[in-house]
Trainee: 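The structure is given below, and queries will be raised subsequently.
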Amino acid sequence: KAGVTQTPRYLIKTRGQQVTLSCSPISGHRSVSWYQQTPGQGLQFLFEYFSETQRNKGNFPGRFSGRQFSNSRSEMNVSTLELGDSALYLCASSLGTGYSNYGYTFGSGTRLTVV
Amino acid sequence: QQQVKQSPQSLIVQKGGISIINCAYENTAFDYFPWYQQFPGKGPALLIAIRPDVSEKKEGRFTISFNKSAKQFSLHIMDSQPGDSATYFCAPQTNYKLSFGAGTTVTVRA
């Protein structure tokens with residue numbers, strides 16, 4: 001059974017550019033969440049999607065956005081990149097309903113470096 | 001508002017010893033209490049979790065103890081092995097969101 005797949009694994013972007021990260025959840029999982037991991041702030045929640053609807057959103061500026069497609073694949077976009085956006089971006093998936101929503105499987109992440 | 005406080009920041013234990021990591025939370029809306037394990041270059045992996053109507057759960061060498069009134073839960077790793085060397089996160093959950101603690105780096109010396 002394939003795990004959560006995130007692409008690309010590594011990315012280098014310049015300040016002011018925008019970037020799109022992709023996540024393919026485990027087959028059958030309908031919930032996809034995104035987290036940012038940095039040495040200073042740790043793991044912080046960005047947003048969660050279920051059946052193409054955002055159910056919760058973290059405290060990040062509007063430059064961070066996401067979406068989910070009908071096949072449950074998800075993308076997140078960061079516009080007008082800042083140096084502080086350099087981080088490991090993690091995607092996690094779960095079944096998404098009831099107690100089956102508890103217990104997430106994470107991908108290995110996309111390492112974004114902003115220069 | 002720091003909702004989740006995890007301690008210690010790091011610990012070193014001898015092979016065969018016991019590792020104990022603690023997590024204190026403030027948000028009484030949390031309704032699921034997992035621990036995640038992360039190795040370098042990988043995403044966190046669910047290790048063990050407990051629901052708030054249970055006080056203890058054991059899976060192999062890993063045990064969660066949960067104290068609802070104190071708003072605390074802990075992870076015990078028994079018979080620690082070098083392969084357990086990793087960073088551990090408590091991440092209480094509600095409303096489709098995990099609130100991660102700062103993490104504990106565990107080093108198991110052979």
Side-chain angles (χ1 to χ4, degrees), chain A residues 3-6 9-10 21 23-26 29-51 53-60 66 68 74 87-111, chain B residues 1-10 21 23-27 29-54 57 59 62 64 66 73 75 86-106:
Chain A
V4 176
T5 303
Q6 292 188 244
R9 285 299 311 275
Y10 302 93
L21 310 181
C23 173
S24 293
I26 288 173
H29 283 193
R30 295 166 62 192
S31 167
V32 174
S33 304
W34 289 88
Y35 289 82
Q36 181 197 64
Q37 185 171 25
T38 60
Q41 299 299 315
L43 280 146
Q44 294 186 288
F45 172 76
L46 283 154
F47 24 66
E48 189 265 0
Y49 289 89
F50 176 79
S51 292
T53 299
Q54 186 182 89
R55 295 194 295 190
N56 200 352
K57 185 179 187 300
N59 297 322
F60 279 81
Q68 186 181 34
S74 177
L88 180 66
Y89 289 89
L90 292 158
C91 170
S93 75
S94 76
L95 287 168
T97 59
Y99 262 107
S100 65
N101 192 52
Y102 296 81
Y104 290 88
T105 302
F106 282 81
S108 292
T110 294
R111 172 74 63 185
Chain B
Q1 179 189 11
Q2 186 178 1
Q3 290 197 8
V4 180
K5 293 184 180 180
Q6 185 176 337
S7 62
Q9 185 176 359
S10 63
I21 308 170
C23 189
Y25 63 93
E26 298 173 5
N27 188 353
F30 289 139
D31 55 7
Y32 196 61
F33 299 87
W35 287 92
Y36 283 80
Q37 178 189 56
Q38 186 176 30
F39 294 104
K42 299 289 187 182
L46 179 63
L47 185 63
I48 186 172
I50 197 167
R51 289 168 54 160
D53 54 347
V54 177
K57 181 177 181 180
E59 289 184 356
F62 301 92
I64 293 182
F66 180 72
F73 63 112
L75 174 69
T87 301
Y88 294 81
F89 296 93
C90 62
Q93 179 177 341
T94 189
N95 199 23
Y96 318 115
K97 170 186 172 181
L98 296 168
S99 295
F100 282 89
T104 297
T105 301
V106 174

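Lettering follows sequence order; numbering is per chain, from 1.
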Trainee: Looking at residues at least two apart in the chain, or sitting in another chain, which of them share a ring-ring contact (aromatic ring centres under 6.0 Å, His included) with B:Phe100?
Mentor: A:Tyr35, B:Tyr36, B:Phe89
Trainee: Which pair of heavy atoms, one from B:Tyr96 and one from A:Ser33, lies closest together, and at what distance?
Mentor: O-OG, 4.3 Å
Trainee: Taking atom CG of B:Asp53 as the centre, does the number of heavy atoms from other residues, nucleotides or ligands within less than 6.0 Å exceed 12?
Mentor: yes
Trainee: For A:Leu43, is it the side chain, the backbone, both or neither that has a heavy atom under 4.5 Å from a heavy atom of chain B?
Mentor: both
Trainee: Quick one: closest heavy-atom pair of B:Asn95 and A:Asn56, and the distance?
Mentor: O-ND2, 2.8 Å
Trainee: Give the member of B:Pro44, B:Ala49, B:Pro34 that has the highest number of heavy-atom pairs under 4.5 Å with chain A.
Mentor: B:Pro44
Trainee: How many angstroms lie between atom NZ of A:Lys57 and atom NZ of B:Lys97, to the nearest 0.5 angstrom?
Mentor: 11.0 Å
Trainee: Side chain, backbone, both or neither: which part of A:Arg9 has an atom under 4.5 Å from a heavy atom of chain B?
Mentor: side chain
Trainee: Which heavy-atom pair separates B:Leu98 from A:Phe106 by the least distance, and what is that distance?
Mentor: CD1-CZ, 3.9 Å
Trainee: So which residue, A:Gly42, A:Cys91, A:Ser108, ends up with the most heavy-atom pairs under 4.5 Å with chain B?
Mentor: A:Ser108
Trainee: Quick one: ring-ring contact (aromatic ring centres under 6.0 Å, His included) partners of A:Tyr49, sequence neighbours excluded?
Mentor: A:Phe47
Trainee: Measure distances from A:Gln41 to the heavy atoms of chain B and classify the residue's part below 4.5 Å as side chain, backbone, both or neither.
Mentor: neither
